[in-house]
Participant: 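So that we are looking at the same thing, I have put the structure below in structure tokens.
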Amino acid sequence: MGRNWATLVVLSFFLTLLGHGEGDESLTSGSSVAQENKRALPLKVRILLEQREFFRPLSLRASELRVNGIALQGSELNCRFRDGWICQGKNKKLKFQGKITVQSGEEFIHIGKAFYRDTIYLIPVKDRKLMIVNELDMESYLVGIVNSEISSKYPKEAIKAQVVAARSYALACLKERRARQMEYDLDSTDMDQVYKGAQVEDAKSHFAVQETRGKVLLNSGKVVKAYYHASSGGTLERPETVWGSKNTLEGSIYSLRSPPEANDDRFRWKVSIGPWLGMRITGLGALRDIQIVERTEGERVQKVYLVGDRGSKVLKGSEFRKLLGGSWIKSTLFDVEPKGSGWLLEGRGFGHGVGLSQIGARNLAEKGWSYKKILSAYYPGARISGESIPVNKTPFQRDLFSIGVR
């Protein structure tokens, strides 16, 4: 029994959810005893690395490359797409139509300064764009997530909490996007989860994935789409408040308050803005006033009222943040006050505030919390692959929000 059997059960559950669609892996049939003693095929995930213009040349490098199963000598392959693909190796030029598959006889395929495991797909799409998609097994992908999303220098239990959340998020997205017959399961940017390739892997990230292998957050029989962010600023948010009800996954549960022990209200920022901001908004003109007119239950800015010399407009807090840039306006948890001819925004936290706070998880792990206890603070009432997360009995649980079972 043990870990191999637990992994097999979890993978069987995932494949049932995915409906055995195109590209899904299948498990060996037979008795439970036979299944226990046979290795399950790894679940593959497709990551969108880049979407670029057709005319830009693409260079891939490895000691041995195969394009649509055809072996090419030499270490570099240069591909261009016009009416079709022209791929030039050392001694051979090949022409293809549509989607092409590039694989290597060795472990990695190099694209620019990054390198990737397993398989690269080059996919022409509309508007003269090209998708570059990396397909690899889920657990290897998660190893690369650690130093892309946080850092392997974090305490071990914080990294493990991040891995479980990332695995859960990835599987929920995979199910949704394969149902829509999309060419990829996850974006490699902060639109989903940041993934920079195999070059960021290290021993600690491998260890964290191995120690939590196959573990996901479940609620009422569903995989939790476990959103997470850099820093909560001390208060958390509901997913439907940020993205609308269509982005709320039935069965997902989230806390509304960061545990006090996380000390997650210390990440603070300030930004000054001037009348020039109004020139970025059609019909507003030079900005004359900014007023916060509505806040969420998590204290973030829900709506902001902007007054210019040509008109006025109400924006959602998320729209206002996007207008100025998420790396500048680090969250919608801010106050506004006049300052000279402009305004000063003072805020806390970094990110949307839904689910796990990475800085909070780090602080809790430094205080001796296990990864299960950390996850229980941010996704209370959830289960980890069939085992209950120990409930953290603290006062902030009075503020918990859940869909399904608490």
Side-chain angles (χ1 to χ4, degrees), residues 10-11 13-19 21 24 43-48 138-139 141-142 145 148-150 160-182 184-195 209 212 214-230 232 236-256 258 296-298 300 318 351-358 360-361 371-372 374-386 389 400-406:
V10 171
L11 287 174
F13 171 74
F14 296 156
L15 293 171
T16 299
L17 284 177
L18 295 173
D24 299 342
L43 182 65
K44 298 287 187 177
V45 62
R46 302 165 302 166
I47 312 302
L48 176 63
M138 177 66 78
E139 302 303 295
Y141 163 67
L142 292 167
I145 284 288
S148 300
E149 275 287 351
I150 53 170
K160 289 162 69 174
Q162 169 69 77
V163 169
V164 174
R167 185 185 289 111
S168 304
Y169 180 89
L171 283 160
C173 287
L174 187 151
K175 178 179 182 289
E176 293 171 1
R177 291 170 189 176
R178 292 196 182 179
R180 291 156 54 191
Q181 298 185 326
M182 293 179 65
Y184 64 94
D185 304 314
L186 291 148
D187 196 294
S188 61
T189 71
D190 58 10
M191 292 296 292
D192 281 318
Q193 300 185 134
V194 179
Y195 178 68
V209 171
T212 62
K215 299 291 187 185
V216 293
L217 289 163
L218 302 174
N219 184 56
S220 301
K222 298 179 183 293
V223 178
V224 175
K225 192 171 186 179
Y227 296 105
Y228 55 89
H229 57 284
S232 72
L236 298 167
E237 198 54 81
R238 301 185 180 190
E240 73 270 29
T241 302
V242 178
W243 298 290
S245 59
K246 66 180 181 180
N247 290 290
T248 302
L249 184 69
E250 183 183 358
S252 295
I253 49 178
Y254 294 88
S255 173
L256 278 177
S258 176
T296 67
E297 193 173 352
R300 285 169 168 75
S318 57
H352 49 65
V354 179
L356 178 79
S357 163
Q358 294 165 327
Y371 81 94
K372 293 181 183 179
I374 292 169
L375 291 170
S376 78
Y378 294 100
Y379 314 98
R383 297 168 66 86
I384 300 182
S385 302
I389 300 178
L400 300 181
F401 152 70
S402 68
I403 304 172
V405 180
R406 284 185 179 270

Participant: Please report the shortest heavy-atom distance between Tyr169 and Ala226, naming the atom on each side.
Facilitator: CB-O, 3.8 Å

Participant: Less than 4.5 Å apart, side chain to side chain, heavy atoms only: is that true for Ser357 and His229?
Facilitator: yes

Participant: List the steps, then state whether side-chain contact (heavy atoms from CB on, under 4.5 Å) holds for Ile384 with Leu217.
Facilitator: CA-CA 5 Å; Ile384 300 182; Leu217 289 163; 4.2 Å; yes

Participant: Parallel, tilted or perpendicular for Tyr141 and Tyr195, by the 30°/60° rule?
Facilitator: tilted

Participant: Does some side-chain heavy atom of Thr212 sit less than 4.5 Å from a side-chain heavy atom of Leu142?
Facilitator: no

Participant: Compare every heavy atom of Arg300 with every heavy atom of His352, then report the nearest pair and how far apart it is.
Facilitator: O-NE, 3.5 Å

Participant: Would you name the heavy atoms of Tyr227 and Pro239 that are closest together and state the gap between them?
Facilitator: CE1-CB, 4.1 Å

Participant: Roughly how far apart are Asn219 CG and Arg383 CZ, rounded to 0.5 Å?
Facilitator: 10.0 Å

Participant: Answer yes if the side chains of Tyr254 and Glu237 hold a donor-acceptor pair under 3.5 Å, and no otherwise.
Facilitator: no

Participant: Just by distance, no angles: are the side chains of Glu297 and Thr241 close enough, under 3.5 Å, to form a donor-acceptor pair?
Facilitator: no

Participant: Of all heavy-atom pairs between Ser188 and Ile47, which one has the smallest distance, and what is that distance?
Facilitator: CB-CG2, 3.8 Å

Participant: Ignoring hydrogens, what is the shortest heavy-atom contact between Asp192 and Glu149? Give both atom names and the distance.
Facilitator: O-OE2, 4.3 Å

Participant: Find out whether Leu171 and Arg167 are in side-chain contact, i.e. whether some heavy atom of one side chain is under 4.5 Å from a heavy atom of the other.
Facilitator: yes

Participant: Is any side-chain heavy atom of Lys225 closer than 4.5 Å to a side-chain heavy atom of Lys175?
Facilitator: no

Participant: Would a distance-only check, ignoring hydrogens and angles, find a side-chain to backbone donor-acceptor pair under 3.5 Å from Ser255 to Pro380?
Facilitator: no

Participant: Side chains of Leu218 and Val223: closer than 4.5 Å at any heavy-atom pair?
Facilitator: yes

Participant: Checking side-chain polar atoms at under 3.5 Å, does Gln162 have a donor or acceptor matched by the opposite partner on Gln358?
Facilitator: yes

Participant: Hey, could you give me the CG/CD1 distance between Leu186 and Ile145, rounded to the nearest 0.5 Å?
Facilitator: 7.5 Å

Participant: What heavy-atom pair brings Leu356 and Ala361 nearest, and what distance separates the two atoms?
Facilitator: CD1-CB, 3.9 Å

Participant: Measure from the side-chain N and O atoms of Ser232 to the backbone N and O of Gly353, and report whether any donor-acceptor pair falls under 3.5 Å.
Facilitator: no

Participant: Out of curiosity, Glu176 CD to Asp185 CG, how far, rounded to the nearest 0.5 Å?
Facilitator: 11.0 Å

Participant: If you measure from CD1 on Ile253 to OG on Ser220, what distance do you get to the nearest 0.5 Å?
Facilitator: 7.5 Å

